Visitor: 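Okay, handing you the structure first.
Since the model is a prediction, treat every value here as computed from it, not as a measurement. Positions are given from 1 along the sequence.
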Amino acid sequence: MMIKETSLRRDPDLRGELAFLARGCDFVLPSRFKKRLKSFQQAQIQNKPEKKPGTALPPPATFPSSPQPLSSVTRVNNVVSAPLSVNIPQFYFPEGLPDTCSNHEQTLNRIETAFLDIEDQKTDIHEMGKIAKVCGCPLYWKAPMFRAAGGERTGFVSAQSFLEMWRKLLNNHHDDASKFIYLLAKPNCSTLEQEDFIPLLQDVVDTHPGLTFLKDAPEFHSRYITTVIQRIFYTVNRSWSGKITTTEIRKSNFLQTLALLEEEEDINQITDYFSYEHFYVIYCKFWELDSDHDLYISQTDLSRYNDQASSNRIIERIFSGAVTRGKTVQKEGRMSYADFVWFLISEEDKRNPTSIEYWFRCMDVDGDGVLSMYELEYFYEEQCERMEAMGIEPLPFHDLLCQMLDLVKPASDGKITLHDLKRCRMAHIFYDTFFNLEKYLDHEQRDPFAVQKDVENDGPEPSDWDRFAAEEYETLVAEESAQAQFQEG
């Protein structure tokens, strides 16, 4: 209940004490002041006139739990008004930021003019490249554009159907990533699955000058396409969901790399995704392990990779389904060629972010998101057994654990997280220590200053995978040449 200053001044006792307060005196006892205030309030309530019948009663007065200081300044009740609505401009554009300066009608007119130069104003997939350039798109968007306009059903695309499709695209999708997914994805889908890339990559195989030699080997078309698709998802699909989103396309270099295919005739110069040499290395490595050549390898087959450099326990984790897709691996104990692509890149380039996640999933046996000391000891036990069999005295686990903790510097004691391994930039040494004996011994014999130099080097050096693929390709070509010469002789 708020008491006006004029009402307080009618009480002589309170008026005297207020005068003391106004002069700066602070010797008035709070308890005495509270008692007088309470009695004054009761007198005010008793003297209040009665309400007439039919009038609404005022709300009950509420008193603070503790006495509030009274001010000599008259207090005015503030009227609280409803907050004014604020016009917040849109800041999230899932389909790209609209370009208000662009004139869609001019673009559509140019497309219509381009169709006039084509017989019957109907284009096949080969002529679609001209339309793609008129639309301002890279050449190898032509296959997705052809399919999106209904060309797959009829074998051609009319001017009317294409203009209708392109007008809808321009009105609803405003950047390259959004347009690309709209063209390539299934109807009413906003993400890309693996099979969505097949028409695009088949067009690359059929028309790129660097792959003309594949026309005479159609059995390798599907295997090359499978390799490229797995490399795309390995790099772009950071969520491991099996579905590439618009955001993941924007954050990757895939569209820029796809545009380079138009400019570069030697496809091996494009090491990201499309290199035929990289495909050749991956497929030859798989073919060596696939003894029955049914495009599946068993756990025993995979253990033979690189002279059994990887431990059996880590291979068991791979076949447990920690990093593989589908039920074939778990039920039948077989790994497909697609899963082998992920394994090989992860094995040979443990600095890659996807590789770090790949091996973390394998080592995280209980799936709690951290590598405990028990899990580290579980994998190191087999390393010790293998070193003892080779006559090498292994380092005690406690000493090795101190080294690894100093290497990673985890944020929480006794727990190594995925973030810790990515931050330390030494994940390749950490992983090799626990399940790749050959590389672990190489790290132990290497100069520690050279290791530190590699960590500090942020220049545009080729990745571990690029170096491995280049060396292996040279070796494979030399072996084939020697074998061909031997057969001729």
Side-chain angles (χ1 to χ4, degrees), residues 219-220 222-223 226-227 230-231 234 278-350 352 354-355 357-367 375-392 394 428 431-442 464-465 468-469 471-473 475-476 479-480 483:
E219 66 274 9
F220 285 101
S222 62
R223 297 167 193 180
T226 300
T227 306
Q230 298 309 316
R231 295 192 66 187
Y234 187 91
H278 288 197
F279 154 71
Y280 187 76
V281 169
I282 297 172
Y283 188 73
C284 287
K285 292 294 182 182
F286 182 83
W287 192 256
E288 292 174 1
L289 301 177
D290 185 16
S291 55
D292 54 2
H293 303 313
D294 61 348
L295 294 182
Y296 286 94
I297 58 175
S298 65
Q299 186 171 328
T300 305
D301 294 333
L302 187 62
S303 65
R304 292 190 289 107
Y305 174 74
N306 200 13
D307 295 331
Q308 298 182 339
S310 299
S311 67
N312 292 324
R313 292 184 178 181
I314 200 67
I315 293 176
E316 289 175 1
R317 285 292 298 157
I318 294 173
F319 277 79
S320 70
V323 289
T324 51
R325 305 182 189 278
K327 299 180 180 179
T328 306
V329 177
Q330 291 85 352
K331 286 186 176 181
E332 303 178 9
R334 299 191 303 168
M335 174 183 283
S336 66
Y337 173 69
D339 289 324
F340 180 79
V341 175
W342 284 63
F343 163 78
L344 186 62
I345 299 176
S346 299
E347 170 60 27
E348 300 302 338
D349 187 3
K350 294 187 175 73
N352 188 293
T354 305
S355 175
E357 297 166 6
Y358 184 97
W359 295 118
F360 186 89
R361 287 172 176 239
C362 290
M363 292 189 68
D364 186 15
V365 178
D366 54 6
E375 288 164 332
L376 299 184
E377 186 175 13
Y378 171 75
F379 287 101
Y380 187 65
E381 281 179 354
E382 185 175 352
Q383 295 286 76
C384 292
E385 294 173 0
R386 299 178 69 185
M387 282 188 281
E388 291 174 351
M390 297 170 60
I392 302 174
H428 58 293
Y431 286 137
D432 289 335
T433 301
F434 290 100
F435 54 78
N436 191 304
L437 183 59
E438 181 180 349
K439 293 183 179 180
Y440 166 62
L441 297 176
D442 289 341
D464 290 347
W465 166 251
F468 168 81
E471 294 171 359
E472 287 297 319
Y473 183 77
T475 303
L476 290 171
E479 290 177 354
E480 288 187 2
Q483 186 176 2

Visitor: OH/Y473 to SG/C284 distance, rounded to the nearest 0.5 angstrom?
Guide: 9.5 Å
Visitor: For V281 versus A469, what's the shortest heavy-atom pair and its separation?
Guide: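 Smallest interatomic distance, heavy atoms only, reads CG2-O, 3.6 Å.
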Visitor: How long is the straight-line distance from CD1 of I315 back to CG of L302, given to the nearest 0.5 Å?
Guide: 4.5 Å
Visitor: Looking at Y305, Y358, F319, which one forms a ring-ring contact (aromatic ring centres under 6.0 Å, His included) with F343?
Guide: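 Checked Y305, Y358, F319 against F343; only one passes ring-ring contact (aromatic ring centres under 6.0 Å, His included): Y305.
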Visitor: Please check: side-chain N/O of Q383 versus main-chain N/O of T433, any donor-acceptor pairing under 3.5 Å?
Guide: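 Pair found, side chain donor or acceptor close to backbone of T433.
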Visitor: Would you confirm whether R317, through its side chain, and M363, through its main-chain N or O, come within 3.5 Å as a donor-acceptor pair?
Guide: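 No: the side chain of R317 does not pair with the backbone of M363.
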Visitor: Any chance you could lay out the side chain to side chain contact (heavy atoms under 4.5 Å, CB included) test for D432 and D442, step after step, and finish with the verdict?
Guide: CA-CA 10 Å; D432 289 335; D442 289 341; over 6 Å; no
Visitor: Atom CZ of R304 and atom OG of S291: how far apart are they, to the nearest 0.5 Å?
Guide: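 The OG atom of S291 is 6.0 Å from CZ of R304, to the nearest 0.5 Å.
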Visitor: Decide yes or no on side chain to side chain contact (heavy atoms under 4.5 Å, CB included) for W342 and V323, but give the supporting numbers first.
Guide: CA-CA 9 Å; W342 284 63; V323 289; over 6 Å; no
Visitor: Looking at every heavy atom in both T300 and S303, which two are closest together, and how far apart are they?
Guide: O-OG, 2.5 Å
Visitor: Mark yes or no for whether D290, through its side chain, and L295, through its backbone, hold a donor-acceptor pair below 3.5 Å.
Guide: yes
Visitor: Begin with the C-alpha distance, continue with both residues' side-chain angles, and end with the deciding distance and a verdict on side-chain hydrogen bond (donor to acceptor under 3.5 Å, both in side chains) for T227 and Y337.
Guide: CA-CA 8 Å; T227 306; Y337 173 69; 2.6 Å; yes
Visitor: Going from CG on L344 to OG on S355, what distance comes out if it is rounded to the nearest 0.5 angstrom?
Guide: 10.5 Å
Visitor: Where do S310 and I314 come nearest, in terms of heavy atoms and distance?
Guide: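 So the two residues come closest at CB-CG2, 4.1 Å.
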Visitor: I need the minimum non-hydrogen distance between E375 and D366, along with the two atoms involved.
Guide: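 Scanning both residues, the minimum pair turns out to be OE2-OD1, 2.7 Å.
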Visitor: Whether the side chain of R313 engages the backbone of Y378 through a donor-acceptor N/O pair (distance < 3.5 Å, no angle test) should be reported.
Guide: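 Yes; at least one donor-acceptor contact below 3.5 Å.
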Visitor: So I318 and C362, do their side chains get closer than 4.5 Å, heavy atoms only?
Guide: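 With C-beta onward as the side chain, the pair touches.
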Visitor: Drop me the distance from H278's NE2 to I282's CD1, to the nearest 0.5 angstrom.
Guide: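 The CD1 atom of I282 is 8.0 Å from NE2 of H278, to the nearest 0.5 Å.
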Visitor: Would one find more than 12 heavy atoms of other residues, nucleotides or ligands at under 6.0 Å from atom CD of E219?
Guide: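 Yes, enclosed.
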Visitor: Find the distance between CG (N436) and NE2 (H428) and round it off to the nearest 0.5 Å.
Guide: 12.0 Å
Visitor: With sequence neighbours left out, write down each residue that passes ring-ring contact (aromatic ring centres under 6.0 Å, His included) with F434, or none if nothing qualifies.
Guide: F430
Visitor: Given E348, which of E472, K285, K439 fulfils the side chain to side chain contact (heavy atoms under 4.5 Å, CB included) condition?
Guide: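 Among the candidates, only K439 passes.
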Visitor: Using the ring of Y296 (Phe, Tyr or Trp, six-membered ring only), decide whether R334 places NZ or CZ under 6.0 Å from its centre and within 45 degrees of its axis.
Guide: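 Output yes; distance and angle both within limits.
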Visitor: Taking the six-membered ring of Y234, is NZ or CZ of R231 closer than 6.0 Å to its centre and within 45° of its axis?
Guide: no
Visitor: Please check: side-chain N/O of E382 versus main-chain N/O of N312, any donor-acceptor pairing under 3.5 Å?
Guide: yes
Visitor: Can you tell me how the ring of F435 sits relative to the ring of W359, calling it parallel under 30°, perpendicular over 60° and tilted otherwise?
Guide: tilted
Visitor: Could you pull out the closest heavy-atom pair between N352 and T354, with the gap in Å?
Guide: OD1-N, 2.8 Å
Visitor: Taking all non-hydrogen atoms of both residues into account, name the closest pair between M387 and P394 and its distance.
Guide: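 It is CE-CB, 3.6 Å.
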Visitor: Under the side chain to side chain contact (heavy atoms under 4.5 Å, CB included) rule, what do M390 and L441 come out as? Steps first, then yes or no, please.
Guide: CA-CA 12 Å; M390 297 170 60; L441 297 176; 4.3 Å; yes
